[in-house]
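Presented below is the structure to which this report refers.
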Amino acid sequence: MFQPSVFREDRREVLHDLITSNPFATLFASAAGALSADHIPLVLHPDLSPHGTLRGHVAVANPLHRETSGDFDVLVVFQGPQAYVTPSWYPSKQEHGKVVPTWNYVVAHAHGRLQFRDDPDWLMAHLEALTRMQEDGRPTPWAPSDAPDDFMARQLRALVGIEIEIEKLTGTWKVSQNKDVVDRNGVVNGLASENTRLAADVADLVKAAKTE
């Protein structure tokens, strides 16, 4: 991933917050002989290793499991808010016109080795953690124990757990840090005028960004 220094983000707590806020990840691997991409939710366990450990599950029939053996290297990408930025939002456009469109975004890359976990107790504990993460705060939160035991047993037989101890964690926070305060304010105001949740989230990132 290309990372100009002004956009580089290495703070563990910031990257972990992105992962937990956007747990639906893209997992890239080439262990089966060709590059593959799987889209799966992952649960971050921050205290299991220095950079954190990711846990998830895939179908037993998934080629990621069916056509591989042993541990193998993977790249996991977590994408946060993103938005197009038009030059029309920059006040400097009126001064000199030397501006171009860009895209603001935040992303985290987690590198590590994937291990499969086929222990039913491990898998059930993971599913409980995953559903708890998504169900907490709902009026009637669902839990795996709500389903019949024999039904859940059949579901578990069709799944295999995955665990990735993060060996390298990097991030890019491209949120107008390379612009002066006047143009950054123009971006914030322009994004606010879009009246979408996504644009509002990017505007908040621009306002909060560290600058050089």
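- M133 and V43 get closest at one heavy-atom pair: CE-CG2, 4.0 Å.
- Contact record, A59 with V160: O-CG1, 4.3 Å, taken as the closest heavy-atom pair.
- Considering only heavy atoms from C-beta on, T53 stays 4.5 Å or farther from I164 through its side chain.
- To the nearest 0.5 Å, the span separating CG on L169 from NE2 on H16 amounts to 5.5 Å.
- T170 places a side-chain heavy atom less than 4.5 Å from the side chain of R8.
- Under the side-chain contact (heavy atoms from CB on, under 4.5 Å) test applied with R55, the options L123, L48, I162 reduce to a single match, L48.
- N178 contributes atom CG, which lies 9.0 Å from atom CZ of R184 (distance to the nearest 0.5 angstrom).
- Linking ILVMFWY residues whenever their side-chain heavy atoms come closer than 4.5 Å, directly or via other members, leaves L159 and V74 in distinct clusters.
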*CA sep, side-chain torsions, deciding dist, call: R113, E165, side chain to side chain contact (heavy atoms under 4.5 Å, CB included)*: CA-CA 7 Å; R113 292 188 68 77; E165 180 178 326; over 6 Å; no
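- Closest non-hydrogen pair, A147 versus W142, comes out as CB-CZ2, 4.3 Å.
- Crowding of F24 atom CZ: a count of heavy atoms from other residues, nucleotides or ligands under 6.0 Å exceeding 12.
- No donor-acceptor distance shorter than 3.5 angstrom exists from the side chain of H45 to the backbone of D47, with no hydrogens or angles considered.
- Using a 4.5 Å cut-off between side-chain heavy atoms of Ile, Leu, Val, Met, Phe, Trp and Tyr, with links allowed through other members, L54 and M1 fall into different hydrophobic clusters.
- Under a 3.5 Å cut-off, the side chain of T196 and the backbone N or O of A199 do form a donor-acceptor pair.
- Ion pair R197/D201 flagged as a salt bridge, since at least one NZ, NE, NH1 or NH2 atom sits closer than 4.0 Å to an Asp/Glu carboxylate oxygen.
- Using a distance-only test at 3.5 Å, with no hydrogens or angles considered, a donor-acceptor pair links the side chain of N22 to the main chain of L18.
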*Do D38 and N62 pass the side chain to side chain contact (heavy atoms under 4.5 Å, CB included) test, and can you show the C-alpha distance, the side-chain angles, and the key distance before you say yes or no?*
CA-CA 9 Å; D38 286 274; N62 188 313; 2.8 Å; yes
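- Here S176 contributes atom OG and K207 contributes atom NZ; the two are 13.0 Å apart, rounded to the nearest 0.5 Å.
- In this structure, the side chains of L130 and P41 come closer than 4.5 Å at one or more pairs of heavy atoms.
- The two residues S49 and I166 have their closest heavy-atom pair at OG-N, 4.3 Å.
- A cation-pi arrangement is found for K174 relative to F7, the charged atom lying closer than 6.0 Å to the ring centre and inside a 45° cone about the ring normal.
- Note on V14 and L44: same hydrophobic cluster, where clusters join Ile, Leu, Val, Met, Phe, Trp and Tyr whose side-chain heavy atoms are under 4.5 Å apart, directly or indirectly.
- Rounding to the nearest 0.5 Å gives a distance of 14.0 Å between CZ of R157 and CG of D118.
- For H51 (side chain) and A110 (main-chain N/O), no donor-acceptor pair under 3.5 Å exists by modelled atom type.
- V60 and L127 fall into different hydrophobic clusters, defined by Ile, Leu, Val, Met, Phe, Trp and Tyr side-chain heavy atoms under 4.5 Å apart, directly or through other members.
- Clustering ILVMFWY residues whenever any of their side-chain heavy atoms sit less than 4.5 angstrom apart, transitively, puts V188 in a cluster other than the one holding Y84.
- Using a 4.5 Å heavy-atom threshold, the side chains of V175 and Y105 count as separate.
- The heavy-atom pair separating L156 from P120 by the smallest distance is CD1-O, 4.4 Å.
- Considering L64, V58, V77 in turn, L64 is the only one that fulfils the side-chain contact (heavy atoms from CB on, under 4.5 Å) rule with L27.
- Of the inter-residue distances, the one linking S88 atom OG with K93 atom NZ reads 5.0 Å to the nearest 0.5 angstrom.
- Around the CG atom of D136, the shell of radius 6.0 Å holds more than 12 heavy atoms that belong to other residues, nucleotides or ligands.
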*Quick one: do E163 and W122 satisfy side chain to side chain contact (heavy atoms under 4.5 Å, CB included)? Show the steps, please.*
CA-CA 10 Å; E163 184 169 76; W122 185 102; 3.9 Å; yes
*Given side chain to side chain contact (heavy atoms under 4.5 Å, CB included), test I40 with H57 step by step and report yes or no.*
CA-CA 8 Å; I40 55 177; H57 65 280; over 6 Å; no
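- A side-chain contact (heavy atoms from CB on, under 4.5 Å) with P81 holds for exactly one of N104, D204, V106; it is V106.
- Of the possible donor and acceptor atoms, one in the side chain of D183 sits under 3.5 Å from a partner among the backbone N and O of S92.
- Using a 4.5 Å heavy-atom threshold, the side chains of P101 and T86 count as separate.
- Two residues are said to be in side-chain contact when any heavy atoms from C-beta on lie closer than 4.5 Å; F78 and T26 fail this criterion.
- Between R12 and P50, the closest heavy-atom pair is NE-O, 2.8 Å.
- A salt bridge links E9 and R11; the closest N-O separation between the charged side-chain nitrogens and carboxylate oxygens is under 4.0 Å.
- Residues W173 and L15 have side chains in contact (heavy-atom distance under 4.5 Å, counting atoms from C-beta outward).
- Annotation: side chain of W89 is in contact with side chain of L191 (closest heavy-atom distance under 4.5 Å).
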